[in-house]
Engineer: 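Below you'll find the structure I mean.
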There are 2 protein chains.
Amino acid sequence: MKKKKKRNSRKSLKRVTSKGIASRVGVSVMTVSRALNNRPYVGERTRRRILKVAKEFGYSPNHIARSLVMQRTETLGVVVPEISHSFFPEVIKGIEQAAYSAGYHLILTHSAEDEAREKDVISTLESKRVDGLLISTAQTVTSHKTYLDAIRMGTPIVFYDRVVTDIGASCVGINDEECCYMVTDHLAEHGYKAIAHLCGPASVSIGRDRLKGYRKSLSRRGLKLRPDLVIRSGFSEEGGYAATQTLLRLPQISRPDAIVAVNDLAAFGAMRAIAEHKLRIPEDIAIVGMGDVAMAAVVSTPLTTIQQPAFEIGKTAAETLISEVEGRTKPGKRIIIGARLAIRKSCGCS
Amino acid sequence: MKKKKKRNSRKSLKRVTSKGIASRVGVSVMTVSRALNNRPYVGERTRRRILKVAKEFGYSPNHIARSLVMQRTETLGVVVPEISHSFFPEVIKGIEQAAYSAGYHLILTHSAEDEAREKDVISTLESKRVDGLLISTAQTVTSHKTYLDAIRMGTPIVFYDRVVTDIGASCVGINDEECCYMVTDHLAEHGYKAIAHLCGPASVSIGRDRLKGYRKSLSRRGLKLRPDLVIRSGFSEEGGYAATQTLLRLPQISRPDAIVAVNDLAAFGAMRAIAEHKLRIPEDIAIVGMGDVAMAAVVSTPLTTIQQPAFEIGKTAAETLISEVEGRTKPGKRIIIGARLAIRKSCGCS
DNA sequence: TTGTACGCGTTATCAA
DNA sequence: TTGATAACGCGTACAA
């Protein structure tokens, strides 16, 4: 047993490897491997001795080496468009729970709503050989090539919330069209006539589908769709604020009497703009959002919105992905998570 | 060149390796490695051909293999006690930004405020051979052994927000004692006499230090410290609610006229309890928090609190860790991020 | 400028 | 029940 203490590049103790344990116990690495992984074909006495030495030396199995030979990392890559949107932390929590119980880890990345950056993080995620990808698309995406490439190279994707339905990947989210129809119709039902919509980009599923739902309600209610009342706000507070400014600059006569915001954040921005114009909610303008982030219920005029079960979306998405990674199910599912209307003050319908 | 197409365990295309590219281009793997990493000693023509083939085959460098030989993963492990606390997503965003610009990735884990789970995630993080650890301790931790072991095995730790100062690791956070002194003193200065404190566990730095700050203010103001007014709430809304219930069950005469909550979440819980008792804030009971989460400013009675720059804490913590990982600085720093008092309605001092 | 041999820490395979 | 050997995909050291 020649034990040369060669490289000492790191200042600290070199970590024990299975080989190190093997030589200390006087067995081969394979026996150590078997003992450490609770595999059969190891004598009970040998196993105990190995476990003892392993603990004694603070052995930590090297997942990197394991991943290399196993061709699996037991790691999921998560792409979040904007960590600050309080919807997403809740989704992440759901993802984390599902991953943790299944023994998977999470590499978290942030696209910052930027297509180029999204592409970049996906590519590094592939380099890290994650077993699968959980993606909510950035606001500025136009091409799906990055996704397609990843899938083609064997990294399954499950989209959550902002989904891409036409490339064979599974998708988990609410029924955006139906939900936006619900909120819009709630307003229409209560007599609002000039209902505006702060919409998201058409390239993003929830932007597109929610707009559809808005339109459907107007058309069913026999209300005319006024293009000047459909303004692109995007998903941010600032976007909602700016879009609403535009609406409020319309001549008094053609101003909306209600606003359907694509999400709660945009609704908050709208509320801020409305407040600055010294208008009252809902008396002068009613407003509804979608998402039901925690703040929606506690702002000065509580926001009527769609309760979107973020945790469940994350959990379901992760479970779906893991199941596909392990070959138990096939990709291409479209999973709809139930959502419901939360009626509060901002719509003035109570 | 014998090319046996052996294993095809995964259904999809086998990913190209540097060897694959090498044989296609007709050079050795080393030349490929050099070309792909922009290293010298590669003919310009050869380099271009290699790059072309690499792109053509969608080559993705295998970080796993790279990490194994380099003994570095360029990955940081992040432990978050509770993802839902809106303070933490903001911290994560800061961490992510610093990590991304330095070329590091993040493995995100969740201790769920539980010591055993924290130990578990740290151990798997070590197995994944992260280059360093960013930790905010769970509420229930009592022992620091796990941290010490990690450090001893060569994985540096930087604590953020909830720190551990006595084990040689760097810490990044606000000056908790000073800040809690500030809020408490703000109340005392305005004539409140029976100031209660909803405190965190003494085993967690911010619980301990904030209690100290509270005490300091009382003692300097000549107010008696009443043990019945110091109640353990922990860091959650529910905890704040329960603790406040206890306070409100005190005989009228000994009830507090103000409450210093260990954080905003506990303060929200307190507000809920107070509202249920049909008491007014701040007329009947004033309340202040710490943290300044987004909701603090928008709840019906806006909360006076300490503005804690979460993003900056995360960014600084990550930068500090990366710098230590790369051997540019030594561990053991105590970095204080500035915070200031945000006076709003809940303290009744305006 | 390019290539060869070896090692990183682990698991699978097959022989002992 | 155990062990020797060959992968896994890449980088380092040194030879050509």
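Each chain gets a letter, A, B and so on, in the order the sequences are listed, and its residues count up from 1.
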Engineer: Closer to the 5' end of DNA chain C via nearest nucleotide, is it B/G43 or B/A65?
Structural biologist: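 Its nearest nucleotide lies further toward 5', so the answer is B/G43.
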
Engineer: Find out whether the Lys NZ or Arg CZ of B/R334 is both under 6.0 angstrom from the six-membered ring centre of B/F159 and within 45° of the ring's axis.
Structural biologist: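 Relative to the ring axis of B/F159, which defines the angle, B/R334 lies outside at least one limit.
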
Engineer: A/T46 near the nucleic acid: base, sugar-phosphate alone, or nothing, with a heavy-atom cut-off under 4.0 Å?
Structural biologist: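 Sugar-phosphate, backbone atoms only, no base.
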
Engineer: Hey, which of these two, B/Y59 or A/S28, hits DNA chain D nearer its 5' end, going by closest nucleotide?
Structural biologist: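 By nearest-heavy-atom nucleotide position, the 5'-most residue is A/S28.
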
Engineer: Base, backbone or nothing for each nucleotide of nucleotides 11-16 of chain D, written B, S, -, heavy atoms under 4.0 angstrom, 5' to 3'?
Structural biologist: SBB---

Engineer: What integer distance in Å separates A/K128:NZ from D/dC10:P?
Structural biologist: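 Rounded to the whole Å, the gap is 15 Å.
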
Engineer: Among A/V78, A/T109, A/L108, exactly one meets side chain to side chain contact (heavy atoms under 4.5 Å, CB included) together with B/L108. Which residue is that?
Structural biologist: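 Per the side chain to side chain contact (heavy atoms under 4.5 Å, CB included) rule, the option paired with B/L108 is A/L108, out of A/V78, A/T109, A/L108.
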
Engineer: So that I can tick it off, tell me whether B/R48 and B/E44 are bridged by a salt bridge, with the cut-off set at under 4.0 angstrom between side-chain N and carboxylate O.
Structural biologist: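 Judged by the 4.0 Å cut-off on N to carboxylate O distance, B/E44 and B/R48 do form a salt bridge.
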
Engineer: Between C/dA12 atom C1' and A/R72 atom CZ, what is the distance in whole Å?
Structural biologist: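 Atom CZ in A/R72 sits about 16 Å away from atom C1' in C/dA12.
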
Engineer: Write down the distance between NZ (B/K19) and C1' (D/dC8), rounded to a whole number of angstrom.
Structural biologist: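 B/K19 atom NZ is separated from D/dC8 atom C1' by 9 Å.
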
Engineer: Using atom CD1 of A/I21 as one end and atom C1' of C/dT10 as the other, report the distance to the nearest whole Å.
Structural biologist: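 Spelled out: CD1 on A/I21 to C1' on C/dT10 is 12 Å.
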
Engineer: Counting any heavy atom closer than 4.0 Å, what does A/P61 reach on the DNA or RNA strands: base, sugar-phosphate only, or nothing?
Structural biologist: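 Here A/P61 touches the backbone only, sparing every base.
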
Engineer: Using heavy atoms to find the nearest nucleotide of DNA chain C for B/T31 and B/L68 separately, return the residue whose nucleotide is more 5′.
Structural biologist: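 The 5'-side residue here is B/T31.
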
Engineer: Could you tell me if B/T31 and B/R47 have a donor-acceptor pair between their side chains, going purely by distance under 3.5 Å?
Structural biologist: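 Not at all, the side chains of B/R47 and B/T31 share no donor-acceptor pair under 3.5 Å.
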
Engineer: State whether B/F57 and B/R15 meet the cation-pi test: NZ (Lys) or CZ (Arg) under 6.0 Å from the six-membered ring centroid, and within 45° of the perpendicular axis.
Structural biologist: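 No, a cation-pi geometry is absent between B/R15 and B/F57.
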
Engineer: Once you round it to whole Å, what is the distance between P of C/dT11 and CD1 of B/I64?
Structural biologist: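 Those two atoms, CD1 and P, are 14 Å apart.
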
Engineer: Is the closest basic N to carboxylate O distance between A/D120 and A/R117 below 4.0 Å?
Structural biologist: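 No salt bridge links A/D120 with A/R117.
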
Engineer: A/R49 CZ to D/dT1 P: how many Å, rounded?
Structural biologist: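 A/R49 atom CZ is separated from D/dT1 atom P by 16 Å.
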
Engineer: Between A/T75 and B/K128, is there a side-chain donor-acceptor contact under 3.5 Å, judged purely by atom types and distance?
Structural biologist: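 Present: a donor and an acceptor within the cut-off.
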
Engineer: Tell me: CZ of A/R129 to P of C/dT10, nearest whole Å?
Structural biologist: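 Result: 21 Å.
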
Engineer: Between A/Q71 (CD) and C/dT10 (C1'), how many Å, whole number?
Structural biologist: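 So the two atoms are 12 Å apart, to the nearest Å.
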
